[in-house]
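What follows is one structure encoded as structure tokens, with my remarks underneath.
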Amino acid sequence: MSNHLGNTTIAVLAGVVVGAGLGILFAPDEGKKTRKKIKKTFNESKDDLSDKIDELKKQVRQTVAKKKQDFEAGFDEFLAHTEDKKDDVIAALEKKLAELKSKGNSIAENAKK
């Protein structure tokens, strides 16, 4: 369905472009004036397209810079959180090691008796 709609849209746009071109070519102006109009319209369209491309480039650069900044901030936060967790894990492991040493000493003393 959407492919059919896309084809129809393309056909309509092509018809509009061809119709406009034929209208300009068969207008009662001299050939020189007609060519001048075509050239002027082409140059205006080219300039407009160039401006739109420049604006799009600017928007893409801004979006990329923002996403990069957001990523870096998120990564820094992740590293800080990881650092805190690392310290918690080391403290828990040291506590468990002390408990195991204590149990080991207790078992060794009971084995001597």
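A quick note: this is a predicted structure, and the numbers were derived from the prediction, not measured. Values below: every heavy atom of this structure, side chains too, minus hydrogens, waters and symmetry copies.
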Q: Calculate, to the nearest 0.5 Å, the distance between atoms NZ and CG belonging to Lys96 and Leu93 respectively.
A: 10.0 Å
**Q.** Salt bridge Asp54-Lys58, side-chain N to carboxylate O under 4.0 Å
**A.** no
Q) Is atom CD of Glu77 surrounded by more than 12 heavy atoms (other residues, nucleotides or ligands) closer than 6.0 Å? A) no
(Q) Treating Ser106 as the side-chain partner and Ser102 as the backbone partner, does any N or O pair qualify as donor plus acceptor under 3.5 Å? (A) no
Q. Considering residues at least two apart in sequence or located in another chain, which fulfil the side-chain contact (heavy atoms from CB on, under 4.5 Å) criterion with Glu72?
A. Lys68
Q: Could you grab the distance from atom CG of Leu79 to atom NE2 of His81, nearest 0.5 Å is fine?
A: 11.5 Å
Q) Taking atom CG of Leu97 and atom CD of Glu94, what is their separation to the nearest 0.5 Å? A) 8.0 Å
Q: With sequence neighbours excluded, tell me which residues meet side-chain contact (heavy atoms from CB on, under 4.5 Å) with Val60.
A: Leu56, Val64
Q | Sole candidate of Gln59, Arg61, Glu55 that passes side-chain contact (heavy atoms from CB on, under 4.5 Å) when paired with Lys57 | A | Arg61
(Q) Using the side-chain contact (heavy atoms from CB on, under 4.5 Å) criterion, which residues pair with Lys86? Sequence neighbours excluded. (A) Glu83, Ile90
